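For reference, the structure discussed in these notes is given below.
Because the structure is a prediction, the values reported are computed rather than measured. Proteins get letters first, then strands, A, B, ... in listed order; numbering begins at 1 in each.
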Amino acid sequence: MDPGTRASELAALGGPEARAPRTEPADRGGEFPELVGARPGAVVLRLAPFPSGALHIGHARMIYVNDYYRRRYSGKLLLVFDDTAGSEEKKVETEFFDLIRGDLDFAGVRPDEVYYKSDRIAAFYPYARRTIEAGGAYVCRCPAELLRANRAAGVACPERGQTAEETMREWDRMLKGEYPTGSAVLRLRTDMKDPDPAFRDRVLFRLSDIDHPRVGHRYRVWPMLEFSWAVDDLELGITHVLRGKDLVIEDRMERFLWNLWKVKGAEFVHWGVLRIREAKVSKSKSYREVKTGVFDGWDDPRTWSLRSLDRRGITSEAVRAFIASFGMSLSDIEVPAESLYAENRKRIDATTLRRSYVADPVEVSVSGWPAGLESAELPNHPDHPDLGRRTAAAGPKFYLARKDVLAHAGQEVRLKDLANIRLPADIPDGIERVWAEFTSKENRRLARLQWVGAANAVAVDVLGIDGQHTKGVGEGALLRAEPRQRFQFERVGFVRLDRDYIPPEVPVRVVYGHP
RNA sequence: GCUCCCGUAGUCUAGUCCGGUCAAGGAUCCGUGGCCUUCGACCACGAAACGCGGGUUCGAAUCCCGCCGGGAGCACCA
């Protein structure tokens with residue numbers, strides 16, 4: 001827009017104040033600009049998930065950006081389940097309503113109000129009439145393929161010439177069920193020559209025989225997302241729509257309809273596409289794998305769902321900070337999960353107790369082990385003595401990690417925080433136990449190995465991010481733990497007792513979080 | 001192909017609207033040293049960027065033009 005128009009629009013939106021692009025950093029990193037025309041206490045935002053699976057890391061931006069602005073303006077945040085008819089790949093299922101509310105609980109975001117789009121289907125029909133009366137729509141009976149081809153070619157079908165009266169009759173026939181499913185749609189009349197092929201006469205309503213989990217067969221004529229939002233953003237009083245830029249064409253649709261209805265609607269703001277390098281998130285893939293039991297539920301680490309992050313011991317605060325670091329940038333980004341892990345480490349490292357664990361253990365018997373060194377007192381945290389100490393069984397029999405033993409064959413090594421031993425030179429692959437020799441207790445600069453005293457070693461099962469289980473042994477202190485307690489397995493990483501694990505059950509089942 | 005969006009270190013991000021204070025700030029990652037005992041944390045130090053080409057200007061990461069690159073949309077899904 002030209003400077004004059006811009007100035008006057010800005011003035012209309014709240015005077016010169018709105019002109020300054022005041023931004024506010026969220027902690028560190030990304031910036032969050034002022035929302036255009038936002039007045040404290042009068043901002044209404046919405047979260048609109050489709051209930052076909054658990055919310056995953058990809059939804060986190062939607063959740064936290066909206067929550068951030070709700071707090072900033074003391075506004076309201078509505079949860080509106082976008083449970084219209086969906087498609088073959090995207091099916092509405094009852095269990096997901098609660099699942100998603102649970103996901104928001106974990107995220108620490110409480111919606112002020114909750115709505116179901118399926119309750120509001122009838123409310124969309126009067127707006128359809130209004131659109132038809134304004135000459136903004138027509139009933140198209142082209143098969144889907146022809147409709148698509150014509151759209152690509154910029155060709156109008158004969159029905160496009162309908163008068164409003166004719167369209168209204170056709171619309172009534174759609175509502176009365178006179179057309180078989182898939183044989184008629186209500187289309188917006190934009191311009192079949194619109195330079196953006198995506199915007200040519202998009203579909204507003206379609207026919208579906210879905211047996212909807214909440215409303216059954218009550219409706220056959222279902223609105224498409226854009227139309228339903230054009231209505232609901234109005235009726236629910238949404239002031240700002242914050243969403244990913246993959247949905248920009250929806251802005252144009254909503255504005256087009258509001259224009260037709262001669263009303264003023266919400267403001268739109270977007271952010272760019274966010275990908276996590278390690279996470280190939282796909283709700284429909286997760287859906288299949290969870291249903292068929294390949295995945296261990298919606299909190300299987302492979303889903304990258306919010307609840308799987310919780311299971312791994314990643315805090316919602318870490319996810320929030322991770323998201324905040326991107327601000328409202330429109331750039332398409334691919335971020336390593338390490339950034340998320342770094343945020344989590346900042347939050348849990350100082351309070352997480354250390355424990356010893358070795359994977360793929362080899363039993364090592366030490367000859368010449370000094371009497372009186374059967375156990376050791378070890379700090380729970382090397383940097384925080386206030387977290388106390390624990391007693392761990394020591395020699396003469398230990399478990400060491402196979403790769404450590406192999407890597408240091410024939411060398412003198414130091415059992416961390418304990419004593420020095422010499423490993424035998426020839427260690428065959430696959431051996432179960434070896435003999436080593438005690439050398440001294442003094443702390444010398446030797447390779448330091450993680451160890452578990454055999455006398456109170458317990459079996460440990462680690463569920464990895466790839467869904468695979470690793471067997472190992474850990475120290476007996478692991479049996480004295482709170483449910484779902486986090487630990488750091490020294491030199492391995494942060495883990496959390498699994499959700500259904502009850503101490504002191506054996507093996508100790510933990511879920512790997514991150515290094 | 002068409003439409004829209006984006007392009008600052010390996011990865012994110014601040015700065016771009018209102019050109020100089022930016023010989024570009026922060027985070028993360030990486031490297032080195034410290035903390036005589038973690039492949040964690042913490043501390044210190046170090047390496048590392050304005051996509052390319054023109055133009056305007058005393059001066060451009062910031063303005064203009066043209067390229068190139070990346071992403072999204074083009075579903076009777078959301």
Side-chain angles (χ1 to χ4, degrees), chain A residues 3 6 19-21 23 25 27-31 48-52 82-92 117 140 142-145 147-148 151-152 154 181-187 194-200 202-208 222 224-226 228-229 243-252 270 272-275 277 283-284 321-322 324-327 329-336 338-343 345-346 348-350 352 354 356 378-379 381-384 414-418 442-446 448-450 488-494 514-515:
Chain A
R6 182 179 166 77
R19 189 170 195 293
T23 59
D27 263 339
R28 295 169 177 171
E31 299 260 330
F50 185 80
S52 65
D82 224 338
D83 62 334
T84 49
S87 64
E88 271 309 302
E89 306 86 66
K90 295 183 182 174
K91 289 194 186 71
V92 179
K117 198 142 259 182
C140 173
C142 297
E145 306 73 49
L147 188 157
R148 270 198 290 270
R151 175 140 61 209
T181 304
S183 71
V185 294
L186 185 72
R187 292 177 75 178
D194 192 283
D196 180 359
F199 197 66
R200 293 172 188 162
R202 290 175 73 91
V203 173
L204 265 19
F205 284 85
R206 47 135 178 193
L207 268 12
S208 170
W222 290 84
M224 305 301 289
L225 168 137
E226 299 89 339
S228 72
W229 278 115
R243 59 186 170 200
K245 74 177 190 185
D246 47 318
L247 262 22
V248 281
I249 198 163
E250 279 71 7
D251 299 13
R252 214 182 145 193
H270 301 93
V273 177
L274 165 68
R275 286 192 186 82
R277 208 191 303 294
K283 235 176 171 182
S284 48
F322 172 69
S325 73
F326 311 129
S329 153
L330 278 161
S331 306
D332 304 316
I333 56 177
E334 183 174 87
V335 188
E338 176 54 38
S339 300
L340 172 61
Y341 302 158
E343 292 295 346
R345 250 183 247 119
K346 281 181 205 163
I348 68 171
D349 183 80
T352 303
R354 268 53 177 172
S356 198
L378 304 170
H381 195 300
D383 311 318
H384 301 277
R414 180 158 182 84
L415 302 180
K416 185 171 173 291
D417 291 315
L418 190 65
E442 64 170 326
N443 179 22
R444 286 192 284 132
R445 288 275 178 190
L446 299 168
R448 294 187 182 105
L449 268 44
Q450 204 64 35
Q488 188 208 48
F489 282 172
E490 290 196 53
R491 321 177 84 164
V492 174
F494 292 89
H514 54 81

inquiry  = Could you tell me how far apart A:E250 (CD) and B:A78 (P) are, to the nearest whole angstrom?
reply    = 10 Å

query = Would you say the side chain of A:Q488 and the base of B:A41 hold a donor-acceptor pair, judged only by whether the two atoms sit under 3.5 Å apart?
reply = no

note = Between CG of A:D349 and P of B:C39 the distance, given in whole Å, is 13 Å

ask   = Can you tell me how far P of B:U37 sits from CZ of A:R448, to the nearest Å?
value = 7 Å

Nucleotide of B:A78, B:U37, B:C74 approaching A:P197 most closely (side-chain heavy atoms) = B:C74

Pairwise C1' distance for B:A48 and B:U13, with rounding to whole Å = 15 Å

request  = Can you check whether any acceptor in the base of B:U38 is under 3.5 Å from a donor in the side chain of A:R354, or vice versa?
outcome  = yes

ask   = Is any side-chain heavy atom of A:H514 less than 4.5 Å from a side-chain heavy atom of A:R345?
value = yes

query = Is there a donor-acceptor pair closer than 3.5 Å between any side-chain N or O of A:D332 and the backbone N or O of A:G272?
reply = no

ask   = When you compare B:C6 with B:A44, how far apart are their P atoms, in angstrom units rounded to a whole number?
value = 38 Å

query = Between B:C52 and B:U62, how far is it from one P atom to the other, in whole Å?
reply = 11 Å

request  = Please state the C1' separation for the pair B:A60 and B:U8 - nearest whole angstrom.
outcome  = 14 Å

task = Give one of base, sugar-phosphate or nothing for A:P382, where a contact means two heavy atoms less than 4.0 Å apart.
result = base

ask   = Among B:U37, B:U28, B:A72, which is the nearest nucleotide to the side chain of A:D417?
value = B:U37

note = Scanning all shown strands, the Watson-Crick or wobble mate of B:U56 with both distances under 3.5 Å is none

query = Looking only at N and O atoms, is any donor in the side chain of A:D246 or the base of B:G71 less than 3.5 Å from an acceptor on the other one?
reply = no

inquiry  = Is it the case that the side chain of A:K90 and the backbone of A:S52 share a donor-acceptor pair, with hydrogens and angles ignored and the cut-off at 3.5 Å?
reply    = no

message = It should be established whether A:R187 places a side-chain nitrogen or oxygen under 4.0 Å from OP1 or OP2 of nucleotide B:C76.
response = no

message = Just the rounded figure in Å: distance from P of B:U38 to CG of A:D383.
response = 9 Å

ask   = Any N or O donor-acceptor pair linking the side chain of A:R414 to the base of B:U37 at under 3.5 Å?
value = yes

inquiry  = Please report the distance separating the P of B:C63 from the corresponding atom of B:A49, rounded so that it comes out in whole Å.
reply    = 23 Å

task = Could you tell me which non-hydrogen atom of A:S339 sits nearest to which non-hydrogen atom of A:F322, and how far apart they are?
result = CB-CE1, 3.8 Å

remark   = Per nearest nucleotide of RNA chain B, the residue lying toward the 5' end, A:A350 or A:V492, is A:V492

ask   = For A:S329 and B:U13, is the shortest distance between a side-chain N/O and OP1 or OP2 below 4.0 Å?
value = yes

ask   = Taking the nucleotide of RNA chain B with the closest heavy atom to each, which residue, A:R151 or A:Q450, is nearer the 5' end?
value = A:Q450

task = Write down the distance separating the P atoms in B:G51 and B:A27, rounded off to the nearest Å.
result = 22 Å

task = Pick the C1' atom in B:A9 and in B:G25, then give their distance to the nearest Å.
result = 13 Å

query = Atom CG of A:N443 to atom P of B:C36: distance rounded to whole Å?
reply = 10 Å

key: Rounded distance (Å) that lies between atom P of B:U16 and atom CG of A:L330   = 15 Å

key: Under-4.0 Å side-chain N/O to phosphate OP1/OP2 contact, A:R345 with B:G40   = no

message = Measuring only between side-chain heavy atoms, which start at C-beta, is A:D194 closer than 4.5 Å to A:R252?
response = yes

query = Is any side-chain N or O of A:S331 closer than 4.0 Å to OP1 or OP2 of B:C12?
reply = no

query = Taking the side chain from A:H384 and the backbone from A:T352, do they hold a donor-acceptor pair closer than 3.5 Å?
reply = no

key: Phosphate OP1/OP2 of B:A72: any A:R275 side-chain N/O under 4.0 Å   = yes

query = Any donor-acceptor pair under 3.5 Å between the side chain of A:E31 and the base of B:U13?
reply = no

inquiry  = Any N or O donor-acceptor pair under 3.5 Å from the base of B:U38 to the side chain of A:R491?
reply    = no

ask   = Hey, does the side chain of A:R354 reach the backbone of A:E490 with a donor-acceptor pair shorter than 3.5 angstrom?
value = no

ask   = If the P atom of B:G40 is compared with that of B:A47, how far apart are they to the nearest Å?
value = 23 Å

ask   = How many Å lie between OH on A:Y341 and C1' on B:C29, as a whole number?
value = 15 Å

message = Distance check needed: B:U37 C1' versus A:E442 CD, whole Å only.
response = 14 Å

